[in-house]
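Sequence positions, counted from 1, serve as the residue numbers for this chain.
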Amino acid sequence: NSNYKEFVGLPSNLQGTNESVAMVRRELDSVQSQVAAVHRAVTSAVSRYDSAEERRAKLMAKQETLACLMTAKTAYDEVVRLLDVAETAIVDNNRNNNNNDD
């Protein structure tokens with residue numbers, strides 16, 4: 001009997017729910033829009049971060065190449081210096097030999 005009264009009174013109890021549902025829907029649409037905006041912002045930030053990481057990796061590779069080239073230049077300069085020393089020693093040795101022959 002009590003269940004029947006609740007069942008019969010159900011339409012009157014549900015009056016105004018359309019407005020409530022519409023309000024909740026608007027709120028959910030707003031939240032969805034905000035979440036989409038945050039998602040776009042995060043995606044953009046991640047993309048910029050990835051690009052920066054790629055640039056950093058390229059710069060690190062160039063820095064390593066530059067360090068190797070600088071080491072090669074230092075080694076080259078040392079070889080040239082040693083060749084100059086050797087040439088001077090040979091010239092001096094030849095002079096000494098020529099002076100001893102006289």
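- Judged by distance alone, with hydrogens and angles left aside, the side-chain atoms of Thr88 form a donor-acceptor pair with the main-chain N or O of Asp84 at under 3.5 Å.
- Between atom CG of residue Asn93 and atom CG of residue Asn96 there is a gap of 6.5 Å, rounded to the nearest 0.5 Å.
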_Steps toward side chain to side chain contact (heavy atoms under 4.5 Å, CB included) verdict (Arg95, Asn98)_ = CA-CA 5 Å; Arg95 267 193 221 138; Asn98 287 338; 5.7 Å; no

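- Distance check: Arg25 CZ to Met23 CE gives 13.0 Å after rounding to the nearest 0.5 Å.
- None of Thr74, Leu82, Val80 except one satisfies the side-chain contact (heavy atoms from CB on, under 4.5 Å) rule with Glu78; the exception is Leu82.
- Counting heavy-atom neighbours within 6.0 Å of Gln32 CD, excluding the residue itself, gives a total of 12 or less.
- When atom types are taken as modelled, the side chain of Thr43 and the backbone of His39 share a donor-acceptor pair closer than 3.5 angstrom.
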*Let me see the working for Asp77 and Lys73 under salt bridge (charged side-chain N to carboxylate O under 4.0 Å, His left out), right down to the final yes or no.*
CA-CA 6 Å; Asp77 290 345; Lys73 170 70 167 104; 2.7 Å; yes

_Using the rule given for side chain to side chain contact (heavy atoms under 4.5 Å, CB included), can you reason through Arg26 versus Asp29, listing the C-alpha separation, both sets of side-chain angles and the distance that settles it, and then say yes or no?_
CA-CA 5 Å; Arg26 284 190 302 273; Asp29 287 345; 5.5 Å; no

*Which is it for Ser44 and Arg48 under the side-chain hydrogen bond (donor to acceptor under 3.5 Å, both in side chains) test, yes or no, and what are the steps along the way?*
CA-CA 6 Å; Ser44 176; Arg48 285 192 310 273; 2.7 Å; yes

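- Using a 4.5 Å heavy-atom threshold, the side chains of Cys68 and Glu64 count as separate.
- To the nearest 0.5 angstrom, Leu83 atom CG is 8.5 Å from Glu87 atom CD.
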*What's the verdict on side chain to side chain contact (heavy atoms under 4.5 Å, CB included) for Gln34 and Val38, showing C-alpha distance, side-chain angles and the deciding distance?*
CA-CA 6 Å; Gln34 291 171 4; Val38 169; 5.6 Å; no

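- How far CE of Met60 is from OG1 of Thr65: 11.5 Å, rounded to the nearest 0.5 Å.
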